[in-house]
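Heads up: the structure comes next, in structure tokens.
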Amino acid sequence: MAWIALRVLRGFGAHLGLAGFLFVLLFSLMAPPARAQRTQLKPSSLNAFTPQQDIEVGKRAAADAERQLAMCNAPKVDAYLTQLGTRLVAKLPTNGVQYPFEFHCVNDKAINAFALPGGYVFINRGAIEVADNEAQLAAVMAHELSHVALRHGTNQATKAEAAQGFMGIVSGIFGGSTGGAILTGLGAFAAGGVLLRYSRTAESQADVMGTQVLYDAGYDPRAMAQFFEKLEAETKGKNPPEFLSDHPNPEHRVERVEEEIDKVGGPQPNAKRDSSEFEAIKREVLALPVAKKSGPRGPGPPPPPSGSFAEYHSDFFTLKYPDNWKKYPGGEGGEREGISFAPENGVLDDGSGHSALAYGLIVGFANVNGDPGDDKALSSGTEQVIGELQRANPDMKIVRRGERLRLNGQPGLSAYLSNESPAGGQETDWVITVLRPEGMIYFVCVAPQSSFDKYDKTFNAILDSVRFPK
Ligand SMILES: [Zn+2]
């Protein structure tokens, strides 16, 4: 310590008075290193997955993403992203976990990037094209890598399972979570959607850790704030950047990044901002042919419904459904949360990272009181159910409404609605409502309009099999 103080004095002594002398002495004795003041972040303990499962889940979802997305197929670009990513990873605090980081360029002009659990990072060409320099691209990548290190994806899936009644879907995805058995219930990329729905808190954490990583890797950390300012500016255009729908803007995003830049010690005088490699890669990316917009997401139509049936029993009804369909319980509220039945490939990503049923049957409950035989209660309850469905699906329209039928001898109403199908095009939703002593039970039979006829027989067979307890 004394030796260090002496060196400082030799260097500056000539220009300092007594106060300066004391200041330098005190400063050299007391000033904590700038690192100590930075925000400390670590993964939330709320996580049903182990880091090893993060890798397994991410690897499956990444393989599926590569099949479904148009990739740049530009080895030089991927090699450059890998080199840049590796430089950032060297400064990424992973709590000792060795993630198998991979970096891929996606041939999509939308400004976006995403990282799957376990370290599979995808960067759209749009994000490379919009970056002014290497430091800004490094900022996006450092943000994505922070989501991996902070294990936000599986934390999010854990929370969704606990809070939003994703029980069935998540256990469908992760059921028997060893190797090949993972992700059986849904297309793996749809599972990715569940894994990529970050909270604003998670976003802010990724911004803060990303700023630290950027700084530690020798880049000008102000590039993080500059990139977000750029995105804000783009938001005012007619196509808000996709990045902001996957990575929702936390409050005071830019201010929080600037605060962290101060905490890490401010921009370094020799910070790296750009490189000739970045400029060369950006030119190469700009020259790539534009990929055709990929068709509807999803792994193709489901196999036809089996002619043999399995039985489902609850306290409120029983029914039979094709034995090659799976059950997706609606939530943790037990049987009153409802249940869905869908074939393989029948549940898809709706394009915004949410799982949506494209083929199959949803059974739900609504709080409607009234005598099961009361016509008025049945029709007003049916209006209520349809209204709720429309609120959840703003594009849903009524095609035909209010036809009477009987389900297991009970009076019911039937209506047809149309909606955008997550499989592309329009879908038909056939809604049947029955008033029961415990409330209204509704059945929604769902299939794309173009194939509804093929499912009509199956839906009728399921509805014919419904039995209510006496
Ligand atoms: Zn993010």
Side-chain angles (χ1 to χ4, degrees), residues 39 41-44 46-47 54 57-58 61-62 65 69 81 84-85 88-89 91-94 99 101-104 106 108 110-124 126-128 130-131 135-160 189 191-214 219 221 223-232 234-235 240-260 349 352-354:
T39 307
L41 293 164
K42 58 179 176 32
S44 162
L46 178 68
N47 202 315
D54 277 26
V57 163
L69 299 172
L81 292 175
L84 175 53
L88 298 167
V89 163
K91 302 295 177 186
L92 185 73
T94 61
Y99 292 110
F101 290 98
E102 285 181 13
F103 301 88
H104 303 276
V106 183
D108 186 336
I111 304 169
N112 208 352
F114 66 93
L116 291 162
Y120 304 88
V121 183
F122 292 79
I123 299 139
N124 279 6
I128 303 173
V130 81
Q136 286 184 10
L137 176 59
V140 182
M141 293 171 68
H143 173 101
E144 296 302 333
L145 289 168
S146 302
H147 281 310
V148 174
L150 291 164
R151 306 187 57 214
H152 284 149
T154 46
N155 165 251
Q156 203 58 33
T158 305
K159 281 194 285 190
F189 191 50
V194 177
L195 300 168
L196 293 173
R197 224 183 314 155
Y198 302 128
S199 65
R200 283 169 212 276
T201 311
E203 279 312 302
S204 193
Q205 288 184 350
D207 290 352
V208 167
M209 184 180 277
T211 303
Q212 297 169 352
V213 169
L214 204 56
Y219 285 100
M224 183 71 78
Q226 287 156 5
F227 190 80
F228 289 125
E229 277 166 350
K230 249 179 130 57
L231 288 185
E232 298 266 354
E234 297 268 338
T235 310
E242 252 180 47
F243 187 86
L244 294 177
S245 59
D246 288 356
H247 304 261
N249 238 343
E251 294 244 322
H252 311 299
R253 182 165 219 166
V254 169
E255 291 85 339
R256 183 64 189 89
V257 167
E258 282 166 353
E259 194 185 311
E260 196 61 26
D349 185 336
S352 69
H354 300 237

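Remember, it's 1-based here, ligands and their atoms both numbered in the order they're listed. As a basis for the values below, the full set of heavy atoms in this structure was taken, side chains included, without hydrogen atoms, waters or symmetry mates.
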| request: Using the six-membered ring wherever Trp is involved, compare the ring planes of Phe122 and His104 and label them parallel, tilted or perpendicular (cut-offs 30° and 60°). | output: parallel
| request: Give a yes or no on whether the backbone of Gly126 and the side-chain of Asn112 come within a donor-acceptor separation of less than 3.5 Å. | output: no
| message | Ile123 and side-chain contact (heavy atoms from CB on, under 4.5 Å): which single residue from Leu81, Leu84, Val140 fits? | response | Leu81
| query | Could Arg256 and Asp207 be called an ion pair, given the rule that one side-chain N must be under 4.0 Å from one carboxylate O? | reply | no
| message | Can you classify the ring geometry of Phe101 versus Phe103 as parallel (below 30°), tilted (30 to 60°) or perpendicular (above 60°)? | response | parallel
| said: Can you confirm whether more than 12 heavy atoms, excluding those of Glu251, are under 6.0 Å from its CD atom? | reply: no
| note | Protein-derived N, O or S atoms lying less than 2.8 Å from the Zn ion (ligand 1), waters not counted, sum to 5
